[in-house]
Amino acid sequence: MLTVTDVVKTFKSGDQTIKPVNGVTFSLEQGTFAAVLGKSGSGKSTLLSLLGALDKATSGDVVVDGVNISTLPDRKLTAYRRDDIGFVFQAYHLIPNLSARENVMLPMEFAGVPHKERAARAAELLTQVGLGAEMHSRKANKLSGGMQQRVAIARALANNPKLILADEPTGNLDDETGELIIDLLRKLAHENKTTILVVTHDHALATRTDRRFRLARGQLTEDGVQAA
């Protein structure tokens, strides 16, 4: 489902060339819940940006469901980000003065889904991630951190993405709430057959995933062996 082949990202810093992602190769099957572990500054977020088409690799290929996004023109990359990828962030990135339901409806509005269908699917997704109907109309800034993260996950699922990319999704949560979010992501991967890749420095989260990678000095390894 996801195949990454010899991906390199190069930055210039003065006279130095920095490679936060340097020859990364791995693949994930559909419905896999995977984690990339690494310290701050190890290149985890850079890798996620490349997979989500928020940035372009210097070289190498990223293939999602048979489509090489590394070669797509900008117009098609916009559609890819809208239709095929769901993003979950540590800071939630919800619109605070919109309700939980309205936040989940937004990606579908951009995709041209009719209002009635948007509202029905948003309610369904919010229920699926464990938010009761009484919370659907509550403004995002009136929800707890754990509830906001659930809304963010429901929003990521709105357009039935093939791949969900999560950047430190438990980073702002207490341990108990973080465990609940991990359980939810794992359940979504296995029951919805959605491929989910989490980047994190949280070892407890990583132990709950199907596959675990480590990114250090731009190199990706799995279980101490070069990932393939």
Side-chain angles (χ1 to χ4, degrees), residues 1-4 26-37 48 51-52 63-67 80-90 92-94 100-101 103-108 111 113 117-136 140 143-200 202-213 222:
M1 187 274 162
L2 171 66
T3 303
V4 179
F26 72 103
S27 61
L28 297 176
E29 294 182 357
Q30 183 178 356
T32 301
F33 182 30
V36 175
L37 279 161
L48 215 64
L51 301 182
V63 178
V64 180
D65 203 29
V67 177
Y80 166 77
R81 287 189 292 265
R82 182 191 66 213
D83 299 334
D84 297 331
I85 296 289
F87 292 98
V88 179
F89 302 97
Q90 177 178 349
Y92 321 131
H93 291 318
L94 301 177
R101 183 187 300 108
N103 269 280
V104 178
M105 289 170 66
L106 268 181
M108 292 181 277
V113 177
E117 186 178 337
R118 295 200 306 265
R121 177 155 174 76
E124 177 186 339
L125 287 170
L126 288 168
T127 300
Q128 185 180 3
V129 300
L131 281 183
E134 71 279 4
M135 296 293 178
H136 295 188
L143 298 172
S144 69
M147 288 180 179
Q148 288 188 59
Q149 194 60 291
R150 288 174 184 269
V151 175
I153 292 169
R155 180 184 60 188
L157 290 165
N159 287 330
N160 289 307
K162 298 178 176 72
L163 176 66
I164 288 181
L165 303 172
D167 193 355
E168 299 283 4
T170 62
N172 285 338
L173 306 175
D174 61 75
D175 290 344
E176 182 178 355
T177 305
E179 283 287 328
L180 293 173
I181 293 300
I182 294 167
D183 287 341
L184 174 59
L185 290 172
R186 182 179 177 85
K187 181 179 179 182
L188 289 169
H190 294 168
E191 293 187 2
N192 290 16
K193 296 301 179 184
T194 303
T195 305
I196 300 178
L197 181 65
V198 176
V199 299
T200 184
D202 185 348
H203 289 265
L205 186 159
T207 60
R208 306 290 301 282
T209 59
D210 304 318
R211 295 178 66 189
R212 289 163 294 283
F213 302 92
E222 182 178 12

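For reference, positions follow the sequence shown, starting with 1. Basis for what follows: all heavy atoms, side chains included, without hydrogens, waters or symmetry-related copies.
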Just do the side-chain contact (heavy atoms from CB on, under 4.5 Å) check on Glu222 and Arg211 with the steps written out, would you? CA-CA 8 Å; Glu222 182 178 12; Arg211 295 178 66 189; 2.9 Å; yes
Who are the side chain to side chain contact (heavy atoms under 4.5 Å, CB included) partners of Ser144, not counting sequence neighbours? Met147
Of all the heavy-atom pairs spanning Asn103 and Pro107, show the shortest one and how long it is. O-CD, 3.6 Å
State, with a plain yes or no, whether a side-chain heavy atom of Leu143 is found less than 4.5 Å away from one of Tyr92. no
Taking Arg186's backbone N and O only, do any of them form a donor-acceptor pair with Arg208's side chain (distance below 3.5 Å, no angle check)? no
Spacing of CG belonging to Leu184 relative to CD1 belonging to Ile153, to within rounding of 0.5 Å: 4.5 Å
Given 3.5 Å as the limit, does a donor-acceptor pair link the side chain of His136 with the main chain of Leu131, or not? yes
Looking only at atom types and distance, does a side-chain atom of Gln149 sit under 3.5 Å from a main-chain N or O of Pro169, one as donor and one as acceptor? yes
Only residue of Thr194, Val64, Leu28 satisfying side chain to side chain contact (heavy atoms under 4.5 Å, CB included) with Met1 is Val64
Of all the heavy-atom pairs spanning Ala206 and Leu37, show the shortest one and how long it is. CB-CD1, 3.6 Å
Any idea which heavy atoms bring Gly31 and Asp210 closest together, and the distance? O-OD2, 4.1 Å
Working to the nearest 0.5 Å, report the span between NE2 of His93 and CD of Gln148. 12.0 Å
Taking side chain as C-beta onward, heavy atoms only, is Thr209 less than 4.5 Å from Val198? no
If every non-hydrogen atom of Gly146 is compared with every non-hydrogen atom of Leu173, which pair is closest and at what distance? N-CD2, 3.6 Å
Nearest 0.5 Å please: distance from the CD1 atom of Ile85 over to the CG atom of Leu165. 5.0 Å
Which pairs count as side-chain hydrogen bond (donor to acceptor under 3.5 Å, both in side chains) when at least one residue sits in residues 151-169, sequence neighbours excluded? Ser45-Asp167, Asp84-Lys162, Arg121-Asn160, Glu168-Thr200, Glu168-His201
Heavy atoms, side chains only, cut-off 4.5 Å: are Leu126 and Arg101 in contact? yes
Exercise: do Asn192 and Gln128 side chains pair donor with acceptor under 3.5 Å: yes
Inter-residue atom distance Leu197.CG - Leu185.CG, 0.5 Å rounding: 11.0 Å
Taking all atoms of both residues into account, what is the closest heavy-atom pair of Leu125 and Ala158, and its distance? CD1-CA, 3.6 Å
If I take atom CD1 from residue Ile164 and atom CD1 from residue Ile196, how far apart are they, to the nearest 0.5 angstrom? 4.5 Å
Taking all non-hydrogen atoms of both residues, which atom of Pro161 and which atom of Ala156 are closest, and how far apart? CG-O, 3.1 Å
Rounded to the nearest 0.5 Å, what separation is found between the CG atom of Leu163 and the CD atom of Gln30? 11.0 Å
Parallel, tilted or perpendicular: rings of Phe87 and Phe89 (30°, 60°): parallel
Taking the side chain from Thr32 and the backbone from Glu29, do they hold a donor-acceptor pair closer than 3.5 Å? yes
For Arg118 and Val113, indicate whether the former's side chain and the latter's backbone hold a donor-acceptor pair under 3.5 Å. yes
Let me see the working for Met135 and Val151 under side-chain contact (heavy atoms from CB on, under 4.5 Å), right down to the final yes or no. CA-CA 10 Å; Met135 296 293 178; Val151 175; over 6 Å; no
